[in-house]
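Encoded as structure tokens, the structure appears first; notes follow it.
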Amino acid sequence: MFKLLKTEGTARRGQFSCAHGGTVQTPVFMNVGTQGAIKGGVSAHDLKEIGCQIELSNTYHLHLRPGDDVVRQMGGLHKFMDWDGPILTDSGGFQVFSLAALRKIKEEGVQFASHLDGHKIFMGPEESMQIQSHLGSDVAMAFDECVENPATHEYAKASCERTLRWLERCKTEHDRLNTLPDTVNPKQMLFGINQGSIYPDLRVWHMQQIAKIDCEGFAIGGLAVGESAEVMYEIIDAVEPYMPKEKPRYLMGVGTPSNIIEGVARGVDFFDCVMPSRNGRHGKLFTWEGTVNILNEKYKTDPSPISESCQCPACRSFSKAYLRHLFKADEVLALRLAVLHNLYFYNELMAKIRTALDEGTFGDFRAKYSGVLEQRV
RNA sequence: GGGAGAGUUCCAGAGCGGUCAAAUGGGGCAGACUGUAAAUCUGUUGUCUACGACUUCGGUGGUUCGAAUCCACCCUCUCCCA
């Protein structure tokens, strides 16, 4: 359930209640744990420590390994990974995009060749809903096609029409699954996903159609897949007026700190992105002064923490020189500390955005930080 | 003392007459990364007055139009037999 607390222009400050973990304060960044763990050696327990409110996992990946039947048998994903906060599961729709070479799309659904061993997996709206039901997440995402960029108007139109039909099927199956007596999480919610590539007419039409379906929230998908940030912002601007005001909006897979600030300014409540964890593993660290590539030679004997103002587990105790050494020496601790730092930064970013919205100073915040956060330090 | 083999660009290690500033790894330096097939991938790594030039393959001298590659001697190292 979503409650809109305050607005500043298009930007929104809200609360989202789930069966697990109570209330999520929005805007929020969902920390990505695709396979039920944050890559880089970060556990659900660590997520608590760095201010994470809600975690995201993936349907396709957990279906393949260990198998959603296994997760269900273990009591659901919350229990399995020992995370009592909310979990949102992505539907597998992104894998239709990222595993394009290994799949075939049909009206019924998508035939994948497993990226692990090549065996055939069929996933359509019903299968995706069933898997997510087994996982017992708090929010299930509709099964969609994340369309590659560039795509022709013709293809994007046919695709988002199909994604609409898939959403109708998702809704029917989701409602059925929630009423089963042995369902893992009978309070699981469903979010629909807007598609339409970079074409405002398709985006708006598709949003109008999916808004008619009774979902607990709506997402904008298929962005940040190669188009420029300006185009991405134009699409959000075009779609936003057609998104139900009383329901949460989720901009999928976005993004850089600046993208997030700009997304909030355009009325988005939920974000998720691989960037803090992946870039962290690759030594690229986010700070309030800009990004730091900890591998750079200039940090070889730098005794200062990644950021003087940061209270994350890495910055509280370790120097840049030490962290750089850990990376150079291939110590797994390097990845862990870097990912903890980046996720701490992202969660802190969202907390500051919320405070600014509470105080009515988000405009100033945006003006101050939207640019500097991506400069190199 | 006798015999065999080896010395290549930061390291390891190819090359064995021209197409070699020299494969490939590693290391170094830098870049990319946006609902995670990513602890991955890409570029670069002799010098310079830089679409060309110059100095490099243990040392010195030689053969040749041309040598990291062939010859002679020297130096160093490894292994085997005494």
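Residue numbering restarts at 1 for every chain, and letters A, B, ... go by the order of the sequence lines.
- Among the protein residues, A/S114 comes within range of no part of the nucleic acid, since none of its heavy atoms lies under 4.0 Å from any strand.
- There is no side-chain donor-acceptor pair under 3.5 Å between A/H20 and A/D84.
- Near RNA chain B, meaning a heavy atom under 4.0 Å away, the residues from residues 194-227 of chain A are A/Q195, A/G222, A/A224.
- Across all strands shown, B/rG1 pairs with B/rC81; the Watson-Crick or G-U wobble distances both stay below 3.5 Å.
- A/D117 and A/S114 are linked by a side-chain donor-acceptor pair at a separation below 3.5 angstrom, with hydrogens and angles left out of the test.
- Within the nucleic acid shown, A/Q95 comes within 4.0 Å of sugar-phosphate atoms alone, with no base atom in reach, counting heavy atoms only.
- Annotation: B/rG27 and B/rC73 have their C1' atoms spaced 38 Å apart (nearest Å).
- Of all nucleotides in RNA chain B, those with any atom nearer than 4.0 Å to a heavy atom of chain A start and finish, going 5' to 3', at B/rG28 to B/rU40.
- With C1' as the reference atom, B/rA12 and B/rU19 are 26 Å apart, rounded to whole Å.
- Here B/rA12 sits opposite B/rU24 as a Watson-Crick or G-U wobble pair (both hydrogen-bonding atom distances under 3.5 Å).
- Cation-pi contact between A/K171 and A/W166: absent, since separation from the ring centre below 6.0 Å together with deviation from the ring axis within 45° is not met.
- On the P atoms, B/rG26 is 27 Å away from B/rC57, given to the nearest whole Å.
- A/D330 comes within contact range of no nucleotide atom at all, as no heavy-atom separation falls under 4.0 Å.
- Across all strands shown, B/rG43 is found opposite B/rC29 as a Watson-Crick or G-U wobble partner, with both distances under 3.5 Å.
- At a threshold of 4.0 angstrom between heavy atoms, the contacts of A/R336 with the nucleic acid are absent.
- Backbone-only contact: A/D272 has heavy atoms under 4.0 Å from sugar-phosphate atoms and none from a base.
- Between A/Q25 and A/Q53, the side chains place no donor N or O within less than 3.5 Å of an acceptor N or O (distance only, hydrogens not considered).
- Side chains of A/D68 and A/Q132: no donor on one and acceptor on the other come within 3.5 Å.
- Comparing A/N259 and A/R278 by the nucleotide of RNA chain B that holds the closest heavy atom to each, the one mapping nearer the 5' end is A/N259.
- With 3.5 Å as the limit, one finds a donor-acceptor pair spanning the side chains of A/N194 and A/R203.
- Here A/R266 pairs with A/E262 in a salt bridge; the nearest charged N to carboxylate O distance falls below 4.0 Å.
- When the P atom is compared between B/rC75 and B/rU63, the two are found 23 Å apart, to the nearest whole Å.
- In summary, the side chains of A/T256 and A/S258 do not present any donor paired with an acceptor at a separation below 3.5 Å, with no hydrogens or angles considered.
- Ring to ring, A/F271 and A/F29 are not that close: their centroids are 6.0 angstrom or more apart.
- Donor-acceptor pairing under 3.5 Å is lacking for the side chains of A/N149 and A/E227.
- With both pairing distances under 3.5 Å, B/rU76 is matched to B/rA6 as a Watson-Crick or G-U wobble pair.
- Taking the C1' atom of each, B/rC54 and B/rG61 are spaced 23 Å apart, rounded to whole Å.
- Within the 4.0 angstrom heavy-atom criterion, no nucleotide atom of any strand lies near A/K298.
- Contact annotation for A/L295: backbone-only contact, meaning every heavy-atom pair under 4.0 Å involves sugar-phosphate atoms and none involves a base.
- Rounded to whole Å, the separation between the C1' atoms of B/rG66 and B/rG18 comes to 6 Å.
- Residue contacts for A/L102: at a heavy-atom cut-off of 4.0 Å it reaches a base atom on one of the strands shown.
- One C1' atom belongs to B/rA50, the other to B/rG58, and the distance between them is 31 Å to the nearest Å.
- In a base pair of the Watson-Crick type (N1 to N3 plus N6-O4 or O6-N4) or a G-U wobble (N1-O2 and O6-N3), with each distance short of 3.5 Å, B/rU55 is matched with no nucleotide.
- Contact check on A/K48 versus A/E55 returns no salt bridge, with no Lys/Arg side-chain nitrogen under 4.0 Å from an Asp/Glu carboxylate oxygen.
- Using atom C1' as the reference point in both B/rG62 and B/rC80, the two lie 33 Å apart (nearest Å).
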